[in-house]
Amino acid sequence: MTTAPAPAPGQPPAAFLEVRDLRIHFPTDDGLVRSVDGLSFRLDKGRTLGIVGESGSGKSVTSLGIMGLHTVGQYGRRRARISGEIWLDGKELMSADPDEVRRLRGREMAMIFQDPLSAMHPYFTVGAQIVEAYRVHHDVDKKTARKRAVELLDRVGIPQPDRRADDYPHQFSGGMRQRAMIAMALVNNPELLIADEPTTALDVTVQAQILDLIRDLQQEFGSAVIIITHDLGVVAELADDILVMYGGRCVERGPAEQVFRRPQHPYTWGLLGSMPRIDREQTERLIPVKGSPPSLINVPPGCAFSPRCPYADVPADGITRSERPELAPVPGTDRHHAACHMTHEERARIWTEEIAPKL
Ligand SMILES: Nc1ncnc2c1ncn2[C@@H]1O[C@H](COP(=O)(O)OP(=O)(O)OP(=O)(O)O)[C@@H](O)[C@H]1O
Ligand code: SF4
Ligand SMILES: [Mg+2]
């Protein structure tokens, strides 16, 4: 996210990536599922944005939307209704020709999925798939592409890359497969890398190694990175900015340092409370936010978090419960925003007196 003033709709932004009022809705037999409902953010090159939220909050739908994947293959089974603007490097992708978006995908923007097996083909060797990903965008012979593939496998820490390139995905361990997928995503030096829960399926040690790797590669390539996770701990050290999603909307966003030091939204307080801490016993580790995520169909008016919010009864001047809280700047900050009806003073008091001492 940047500090530059927002240009008018339809006008290119100063930021490398800017998402404006993104809505992705799926018509279903039960009604319209509002998976993403008015999401906006900006990201510059060389910066990392952490998108955090629990299961079903719309994180993956957002990333697939940015990649333009809601119209193709397995993701296009139910035609999505998409609106808003997605600006990447001065180009608006929603109104762009699908062929142009296809060309950008893999070359200018790439994605790392939670489950590498779903992203890699089981019948082709890892090397062959990286070679193919490279040759789609580069007019080179197989030998040159193979050299590049082996170079990348080496770069992501796969031992004996020349030999391992000839293995099939199932012959790799989970962590190695995740590395191979990172190699595939990076083979064309993308300027935007989206990592959707890149470490969820991995054990803690391998998780840390993969996150270190993403950080190193980002510094090396200077790309813009979006890391998507349900665990604030994963992005605590990695992200420059944090965006907290709840029920398809952003409830809080800002510089990571501020979101961790002075979080403004009761849902973020809940996420912080459920963060695993190495200095605590296992039994004390997880205090999940009580209650279930909101329905994305027939979304009730008012604050979507209210059924789970311990502060839903705190009076807020002149605001009725049926009003939806909009993202508003946090006084005294330049980029920190939160969507909560409580006054800033009230939130600051609750955080300092009631929440922070317990974390
Ligand atoms: N093709 C689709 N048709 C209908 N609903 C969908 C479709 N794809 C996603 N959804 C719904 O959109 C919501 C958001 O899904 P999404 O996959 O983005 O969640 P998420 O935040 O990535 O969750 P997780 O942490 O479990 O990966 C969910 O309720 C999901 O069921
Ligand atoms: S608006 Fe009310 S219900 Fe929603 S998060 Fe703030 S205090 Fe809780
Ligand atoms: Mg997901």
Side-chain angles (χ1 to χ4, degrees), residues 22-37 39 51-67 69-82 111-115 118 194-201 226-231 234 243-252 263-271 289 291-317 319-328 338-344 346-347 349-351 354-355:
L22 180 65
R23 285 166 209 268
I24 305 180
H25 298 168
F26 298 96
T28 70
D29 295 342
D30 300 324
L32 194 63
V33 181
R34 295 169 196 272
S35 301
V36 179
D37 208 24
L39 192 68
I51 299 187
V52 188
E54 68 199 325
S55 188
S57 56
K59 306 181 300 294
S60 294
V61 170
T62 300
S63 44
L64 295 171
I66 296 171
M67 296 287 292
L69 282 170
H70 280 298
T71 48
V72 298
Q74 53 178 312
Y75 310 104
R77 278 189 313 253
R78 288 182 190 275
R79 275 302 159 108
R81 291 187 194 158
I82 310 186
M111 188 157 163
I112 304 171
F113 295 85
Q114 176 173 344
D115 171 17
S118 68
I194 304 182
D196 188 359
E197 308 256 9
T199 61
T200 308
I226 299 179
I227 295 201
I228 291 177
T229 174
H230 58 267
D231 178 359
V234 162
L243 187 156
V244 180
M245 274 187 93
Y246 189 78
R249 296 174 142 249
C250 170
V251 294
E252 177 162 6
Q264 294 288 320
H265 196 280
Y267 178 57
T268 315
W269 298 342
L271 288 178
V289 187
S292 358
S295 162
L296 301 172
I297 305 177
N298 302 325
V299 180
C303 175
F305 189 57
S306 63
R308 303 167 75 181
C309 180
Y311 309 98
D313 292 329
V314 174
D317 288 346
I319 292 169
T320 63
R321 282 178 179 232
S322 59
E323 274 178 62
R324 192 192 293 278
E326 298 296 335
L327 273 182
C340 172
H341 285 319
M342 279 192 286
T343 61
H344 170 241
E346 193 61 44
R347 282 180 269 152
R349 188 196 63 74
I350 295 172
W351 165 251
E354 298 178 22
I355 313 287

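Both counts, for ligands and for their atoms, begin at 1 and track the order of listing. The structure displayed is predicted, hence computed values, not measured ones. Sequence positions, counted from 1, serve as the residue numbers for this chain.
- Residue contacts with ligand 1 for H230 are absent, since no atom lies close enough (heavy atoms, distance under 4.0 Å).
- Close to ligand 1: G56, with a non-hydrogen atom less than 4.0 angstrom away.
- Close contacts between ligand 1 and S57 involve ligand atoms 19 (O), 21 (O) [criterion: under 4.0 Å to a heavy atom].
- Heavy-atom neighbours of R324 CZ from other residues, nucleotides or ligands within 6.0 Å: above the threshold of 12.
- Checking only distances, V61 does come within under 3.5 Å of ligand 1, N or O to N or O.
- Only protein N, O or S atoms were considered, and those under 2.8 Å from atom 4 (Fe) of ligand 2 are C303 SG.
- The N/O atoms of L296, backbone and side chain alike, include none that comes under 3.5 Å of an N/O atom in ligand 1.
- Between W269 and Y311, the angle of the ring planes goes over 60°, which puts this pair in the perpendicular group of the 30/60° scheme.
- Of all atoms in ligand 1, numbered sequentially from 1 with element shown, those under 4.0 Å from a heavy atom of E54 are 21 (O).
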Assess whether side chain to side chain contact (heavy atoms under 4.5 Å, CB included) is satisfied between Y267 and V52, documenting all intermediate values.
CA-CA 11 Å; Y267 178 57; V52 188; over 6 Å; no
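- Qualifying salt bridge (Lys or Arg N to Asp or Glu O under 4.0 Å) partners for E326, counting only residues two or more places apart in sequence or in other chains: none.
- Heavy-atom contacts of E197 reach the following atoms of ligand 1: 25 (O) (cutoff under 4.0 Å).
- No side-chain donor-acceptor contact under 3.5 Å links R34 to the backbone of V299.
- For H341 (side chain) and G302 (main-chain N/O), no donor-acceptor pair under 3.5 Å exists by modelled atom type.
- Those atoms of ligand 1 that come under 4.0 Å of a heavy atom in S60, given as number and element, are 17 (O), 18 (O), 20 (P), 22 (O), 27 (O).
- With sequence neighbours excluded, the residues forming a side-chain contact (heavy atoms from CB on, under 4.5 Å) with L296 are V33, listed by chain and number.
- Between V33 and ligand 1, no pair of N/O atoms sits closer than 3.5 Å.
- A distance-only check finds a donor-acceptor pair linking the side chain of K59 to the backbone of G53 [under 3.5 Å].
- Here's the thing with T28: none of its N/O atoms is less than 3.5 angstrom from an N/O atom of ligand 1.
- The side-chain contact (heavy atoms from CB on, under 4.5 Å) search around S292 returns none, not counting sequence neighbours.
- By the criterion of a heavy-atom distance under 4.0 Å, neither the backbone nor the side chain of I228 is placed next to ligand 1.
- Of the residues listed (P266, C340, P263), the one engaging E252 in a side-chain contact (heavy atoms from CB on, under 4.5 Å) is P263, and it is the only one.
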